[in-house]
Amino acid sequence: AAAAAAFGAYLLCKSTGGKNGRVNKTIDKDSPKVVHSFDVEDIGSKAAYCRCWRSKKFPYCDGSHGKHNQETGDNVGPLIIKRR
Ligand code: FES
């Protein structure tokens, strides 16, 4: 399982093709690690979180993944959390 995860990370780096295979090109680059934390109680009825690292409203999805996918042939999209 660890080897599969490592291979997945390798493929992601290779497909994004950034400097040193970096996924994050613009967000909080002065920070050693970009982390966001939310309390479940504070999430409304629905929230979409960016997983492509291209959103201007990061960590929220703003639809920028569509342009990224079109330009790179990638297939990434947001994490959507909904209340039932
Ligand atoms: Fe990044 Fe939608 S903008 S997943």
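All values below come from the heavy atoms of this structure, side chains included, with hydrogens, waters and symmetry mates left out. Each ligand, and each atom within it, is numbered from 1 in the order the structure gives.
In this structure a side-chain-to-backbone donor-acceptor pair under 3.5 Å is present from Asn24 to Thr26.
Here 2 is the count of protein N, O or S atoms positioned under 2.8 Å from atom 1 (Fe) of ligand 1, waters not counted.
If you take SG on Cys52 and NE2 on His68, they are separated by 6.0 Å, rounding to the nearest 0.5 Å. Rounded to the nearest 0.5 angstrom, Arg54 CZ and Thr72 OG1 are separated by 8.0 Å. Atoms OG and OH, from Ser55 and Tyr60 in turn, are 10.5 Å apart once rounded to the nearest 0.5 Å. Note that the CZ atom of Arg51 and the CZ atom of Phe58 stand 11.5 Å from one another [nearest 0.5 Å].
Hydrophobic clustering of Ile, Leu, Val, Met, Phe, Trp and Tyr side chains at less than 4.5 Å, counting indirect connections, unites Ile27 with Val23.
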